[in-house]
Amino acid sequence: MQCAPSLVLVLSALLLALGLLLLWLNGHSPSRYGKHEQERQDAAAEGRRAPHLPARCAWFLQELPSLLVPALLLALSSPPRCASLGCRLLGCMFCGHYFHRTFIYSLFTRGRPFPLKTFFFSMLFCIYNGFLQGYYMIFCAEYPDDWCKDIRFTSGILLFLFGMGINIHSDVLLRQLRKPGELTYKIPQGGLFAYVSGANFFGEILEWFGYAIATWSLPAFAFALFTLCFIGPRAHHHHRYYLRTFTNYPRSRKALIPFIF
Ligand code: NDX
């Protein structure tokens with residue numbers, strides 16, 4: 001398989017276009033899963049409940065392609081080993097994140113059942129993004145021998161790791177709000193939740209901008225912007241949900257960016 005720059009350009013542009021579409025769609029109402037799914041369920045209590053998957057099964061299966069697709073591409077590359085720096089960056093950063101998301105986050109989540117329709121689109125998304133990131137980093141990315149000393153690489157890696165730490169820590173704090181089997185929502189406490197309602201989203205956004213800077217690649221920047229467009233508004237809708245639901249919700253908290261927004 002060879003690098004086709006036009007394919008990378010088109011797929012990156014489509015990813016960005018999807019992000020802008022979701023920014024527009026979600027600006028009005030959030031993607032219907034999690035706490036925002038619940039609100040619709042409550043409102044249509046007498047209606048027929050759409051098919052759902054257990055959260056652990058849904059998150060495991062929908063995130064798995066983000067790992068499998070780059071691994072498949074790597075197996076197709078010749079020589080079939082991670083020779084280039086780009087490929088190693090993909091492995092350590094991108095696949096490291098999705099190893100956690102697929103095998104750790106998914107298996108410990110205490111989330112509510114996941115809507116089958118959303119699951120289907122999520123899996124499609126992860127196949128698409130796994131292909132784009134994997135294809136570019138394995139077949140296209142070229143870095144000078146001293147890239148690891150470049151300020152973009154060092155600052156990007158640090159931002160990625162800082163964001164990943166915030167994201168994982170925040171998701172653990174959310175999980176600890178519930179006992180096994182519970183599905184109620186409580187006021188998140190601790191860590192960056194002291195400053196923002198979407199602490200896990202803030203960490204994830206930092207992560208992917210860090211990845212984009214470290215790899216300095218169009219697909220990675222497209223994915224970072226997509227992430228901002230999708231979970232940025234989600235943080236805003238979470239924030240509004242908390243202010244509506246909990247009269248004692250800390251008013252000093254912001255939605256996504258500490259002290260700013
Ligand atoms: N999943 C990324 N539509 C998305 C699934 C939906 O990983 O194209 C994007 C991802 C997908 C979306 C994905 C892409 C775009 C799609 C969309 C569906 C349609 C859309 C495909 C793939 C699309 C068309 C085709 C029309 C254009 O019960 P519960 O689950 O709410 O419990 C929650 C719990 N919790 C609390 N518990 C107690 N008290 C509280 N106050 C609580 N608040 C939350 O914590 C969950 O178990 C858990 C986390 O919940 P929440 O809502 O904070 O985070 P969530 O949105 O579930 O994300 C979980 C993690 C998080 O770290 C986040 O950063 C990361 O996944 N994520 C999520 C979304 C996208 C993404 C990362 C990314 O783009 N990088």
Side-chain angles (χ1 to χ4, degrees), residues 14-15 17-26 29-39 41 52-56 58-66 94 97-98 100-102 104-130 133 163-179 181-189 193 196-209 211-212 220 222-235 237-239 241-242 245-246 249 255-256:
L14 287 174
L15 179 58
L18 176 61
L20 294 173
L21 171 66
L22 286 165
L23 181 65
W24 182 73
L25 289 172
N26 291 353
S29 69
S31 266
R32 297 293 182 192
Y33 70 96
K35 55 173 71 68
H36 307 300
E37 159 87 2
Q38 178 200 32
E39 283 186 295
Q41 291 297 332
H52 284 63
L53 276 178
R56 291 181 179 176
W59 278 95
F60 176 78
L61 292 175
Q62 74 188 30
E63 302 292 329
L64 186 59
S66 298
F94 186 84
H97 169 90
Y98 280 105
H100 167 265
R101 183 72 70 223
T102 305
I104 299 171
Y105 174 82
S106 303
L107 297 190
F108 287 96
T109 183
R110 291 177 178 164
R112 65 185 52 250
F114 205 83
L116 194 62
K117 191 174 117 188
T118 306
F119 161 75
F120 172 74
F121 282 121
S122 306
M123 184 178 264
L124 277 185
F125 175 83
C126 292
I127 292 168
Y128 182 96
N129 192 47
Q133 307 303 330
M164 192 168 185
I166 291 173
N167 176 261
I168 292 175
H169 179 240
S170 304
D171 275 335
V172 168
L173 290 175
L174 288 174
R175 188 166 66 231
Q176 289 171 345
L177 289 171
R178 286 176 175 167
K179 296 182 187 71
E182 230 184 12
L183 286 181
T184 51
Y185 292 102
K186 297 170 186 130
I187 297 178
Q189 304 290 1
F193 283 114
V196 290
S197 299
N200 51 341
F201 299 146
F202 179 66
E204 180 106 11
I205 290 164
L206 291 183
E207 236 187 303
W208 294 119
F209 275 98
Y211 178 70
F223 180 43
L225 288 167
F226 168 88
T227 297
L228 177 64
C229 289
F230 182 76
I231 56 179
R234 192 166 170 80
H237 287 297
H238 278 21
H239 188 65
Y241 171 91
Y242 290 139
T245 309
F246 304 108
Y249 194 74
L256 181 66

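Both counts, for ligands and for their atoms, begin at 1 and track the order of listing. Excluded from the calculations below are hydrogen atoms, water molecules and symmetry mates; all remaining heavy atoms, backbone and side chain alike, are included.
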*Begin with the C-alpha distance, continue with both residues' side-chain angles, and end with the deciding distance and a verdict on ring pair (Phe, Tyr, Trp, His ring centres under 6.0 Å) for Tyr241 and Tyr185.*
CA-CA 10 Å; Tyr241 171 91; Tyr185 292 102; 5.8 Å; yes
Minimum-distance protein heavy atom relative to [atom]:
| atom | result |
| --- | --- |
| atom 49 (C) of ligand 1 | Tyr105 OH, 3.5 Å |
| atom 43 (N) of ligand 1 | Lys35 NZ, 2.9 Å |
| atom 72 (C) of ligand 1 | Glu204 OE2, 3.3 Å |
| atom 69 (C) of ligand 1 | Ile231 CG2, 3.6 Å |
| atom 7 (O) of ligand 1 | Glu63 OE2, 3.2 Å |
| atom 20 (C) of ligand 1 | Leu22 CD2, 4.1 Å |
| atom 53 (O) of ligand 1 | Asn200 ND2, 3.0 Å |
| atom 11 (C) of ligand 1 | Ser122 OG, 3.4 Å |

Using a strict 4.0 Å cut-off to heavy atoms of [X], name the atoms of ligand 1 that fall inside it.
| X | result |
| --- | --- |
| Thr109 | 47 (O) |
| Lys186 | 39 (N), 40 (C), 41 (N) |
| Thr184 | 38 (C) |

(message) I'd like to know whether NZ of Lys186 has more than 12 heavy-atom contacts from other residues, nucleotides or ligands below 6.0 angstrom.
(response)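 Correct, the count exceeds 12.
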**OP:** Inspect the surroundings of CZ in Phe120 and state if more than 12 heavy atoms from other residues, nucleotides or ligands are less than 6.0 Å away.
**Re:**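 Incorrect, the count does not exceed 12.
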- Message: Looking only at the side chains, is there a donor atom on one of Tyr249 and Ser197 sitting less than 3.5 Å from an acceptor on the other?
- Response: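 Yes, because at least one side-chain N or O of Tyr249 sits under 3.5 Å from a partner of the opposite role on Ser197.
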Given Phe121, Trp208, Tyr33, which one has a non-hydrogen atom that is nearest to atom 25 (C) of ligand 1?
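Comparing heavy atoms across Phe121, Trp208, Tyr33, the nearest one to atom 25 (C) of ligand 1 lies in Phe121.
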So is [X] close enough to ligand 1, meaning a heavy atom under 4.0 angstrom away?
| X | result |
| --- | --- |
| Leu25 | no |
| Leu183 | no |
| Ile205 | no |
| His238 | yes |
| Glu37 | no |

Heteroatom distance test ([X], ligand 1): nitrogen or oxygen, under 3.5 angstrom:
| X | value |
| --- | --- |
| Arg178 | yes |
| Arg110 | no |
| Trp59 | no |
| Ser31 | no |

Exercise for review: Report the C-alpha distance between Phe125 and Phe121 in whole Å, list the side-chain angles of each, state the deciding distance to 0.1 Å, and finish with yes or no for ring pair (Phe, Tyr, Trp, His ring centres under 6.0 Å).
Suggested key: CA-CA 6 Å; Phe125 175 83; Phe121 282 121; over 10 Å; no
Region of Leu18 engaging ligand 1 - heavy atom pairs below 4.0 Å: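 Just the side chain.
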**Asked** Under the 3.5 angstrom rule, does the side chain of Arg178 hit a backbone N or O of Arg110 as a donor-acceptor pair?
**Response**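 Answer holds: yes.
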